[in-house]
Amino acid sequence: MEVLEAIRTRRSIRKYKRRAIPPHVLKEVLDAARWAPSARNSQPWRFILIEDEDLKRRVAYATTAGRFLADAPLGIAVAVNTSVTRHPVEDGAAATMNILLAAHALGLGACWIGSYGSVYEDEVKEMLGIPRDWILLSIIALGYPDEEAKSSRLDLKEFVYVNKFGSKEGLERVIGLGER
Ligand SMILES: Cc1cc2nc3c(=O)[nH]c(=O)nc-3n(C[C@H](O)[C@H](O)[C@H](O)COP(=O)(O)O)c2cc1C
């Protein structure tokens, strides 16, 4: 799948078929994560595959909005080492996004379960044995989709200003979009 098509058609998927993810497909997803950019190429992430059923269920139920992970074939926790990067959140988010896009391009469905700064971050870190000076940036639920993708976006022109916050003057000229 072409990259722009993947970006436009990816949606969060929270219901999955029972079908297991073949190792070569999972490997491709993780390889995409490895190629994410990171500050000073610090590559500060580690990806923990949560495949043990009991552990996956415990992690799922520790979260506030990620219980669907319990019925996903796999979870991937993105842990970031804060002692080797000054930008652990951005680094972890970039790797997470690569995972979501690669998963979609390979026919999988996935959903980001926000974990960094959450009330359950420490509890899940403990379950997964993540060291104290690392953050748990995200948990990703992964599997073959068993629901129709939803979600929409505001019009592009709602997001873009020219030269100054709030200014739409010249939007037509710069990106071919009307100012209203
Ligand atoms: C930082 C972050 C945290 C998120 N946490 C959750 C979550 O805990 N549970 C969930 O169901 N979706 C979560 N999502 C997914 C968003 O709800 C979803 O991306 C948004 O509704 C847009 O839908 P789409 O991904 O289908 O375009 C999270 C997304 C981000 C970027």
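Computation of the quantities below employed the complete heavy-atom set of this structure, encompassing side-chain atoms and omitting hydrogens, waters and symmetry-equivalent molecules.
For Asn98 (side chain) and Ala32 (main-chain N/O), a donor-acceptor pair under 3.5 Å exists by modelled atom type. Remark: side-chain polar atoms of Lys157 are not paired, donor with acceptor, to backbone N or O of Lys168 under 3.5 angstrom.
Contact record, Phe47 with Arg34: CE1-N, 4.5 Å, taken as the closest heavy-atom pair. For the residue pair Gly92 and Val80, the shortest heavy atom distance occurs at CA-CG2, 3.7 Å. In terms of heavy atoms, Ile99 sits closest to Ala33 at CG1-CB, 3.5 Å. Nearest approach of Tyr16 to Ala141, heavy atoms of both residues: OH-CB, 3.2 Å. When all heavy atoms of Gly107 and Tyr144 are compared, the pair lying nearest together is O-CD2, 3.5 Å. Heavy atoms only, all atoms of each residue included: Gly166 and Tyr161 are closest at N-CD1, 3.0 Å.
Around atom CD of Glu148, no more than 12 heavy atoms belonging to other residues, nucleotides or ligands sit under 6.0 Å away. Atom CD of Glu126 has 12 or fewer heavy atoms from other residues, nucleotides or ligands within 6.0 Å. Residue Asp54 qualifies as enclosed at atom CG: its count of foreign heavy atoms under 6.0 Å is above 12. Around atom OH of Tyr116, no more than 12 heavy atoms belonging to other residues, nucleotides or ligands sit under 6.0 Å away.
Using a 4.0 Å cut-off between a side-chain N of Lys or Arg and a carboxylate O of Asp or Glu, Asp146 and Arg14 do not qualify as a salt bridge. Salt bridge annotation for Lys27-Asp31: absent, with no cationic side-chain nitrogen under 4.0 angstrom from a carboxylate oxygen.
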Assess the residue pair Leu26 and Leu142 against the criterion (side chain to side chain contact (heavy atoms under 4.5 Å, CB included)); give the C-alpha distance rounded to whole Å, side-chain angles, the decisive distance to 0.1 Å, and a yes or no. CA-CA 10 Å; Leu26 184 55; Leu142 199 66; 4.0 Å; yes
Test side chain to side chain contact (heavy atoms under 4.5 Å, CB included) on Leu49 and Leu30 and set out the steps. CA-CA 10 Å; Leu49 307 179; Leu30 294 164; 3.9 Å; yes
How far apart are the C-alpha atoms of Trp112 and Leu137, what are their side-chain angles, what is the distance that settles it, and do they pass the side chain to side chain contact (heavy atoms under 4.5 Å, CB included) test? CA-CA 10 Å; Trp112 181 327; Leu137 192 283; 4.1 Å; yes
Between Ile113 and Leu69, is a side chain to side chain contact (heavy atoms under 4.5 Å, CB included) present by the stated rule, with each step listed? CA-CA 9 Å; Ile113 300 167; Leu69 171 67; 4.0 Å; yes
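If you chain together hydrophobic residues whose side chains sit under 4.5 Å apart, Trp45 and Val59 never meet in one group. Hydrophobic clustering of Ile, Leu, Val, Met, Phe, Trp and Tyr side chains at less than 4.5 Å, counting indirect connections, unites Val89 with Leu100. Two different hydrophobic clusters hold Trp134 and Val84 under the rule that ILVMFWY side chains link at heavy-atom gaps under 4.5 Å.
Side-chain atoms of Thr85 and Arg40, non-hydrogen and from C-beta on, never get closer than 4.5 Å to each other. Using a 4.5 Å cut-off on side-chain heavy atoms (C-beta onward), Met97 and Arg10 make contact.
Separation of atoms CZ (Arg132) and NZ (Lys125) is listed at 7.5 Å; rounding is to 0.5 Å. Separating the CD atom in Glu169 from the CG atom in Asn163 is a distance of 9.0 Å, to the nearest 0.5 Å. One finds the CD1 atom of Ile21 at 11.0 Å from the CD atom of Glu51 (value rounded to the nearest 0.5 Å). How far CG of Leu136 is from CE of Met127: 11.0 Å, rounded to the nearest 0.5 Å. Cys111 contributes atom SG, which lies 11.0 Å from atom CD1 of Ile139 (distance to the nearest 0.5 angstrom).
Put simply, the residue from Arg18, Lys56, Arg57 that forms a salt bridge (charged side-chain N to carboxylate O under 4.0 Å, His left out) with Asp71 is Arg57.
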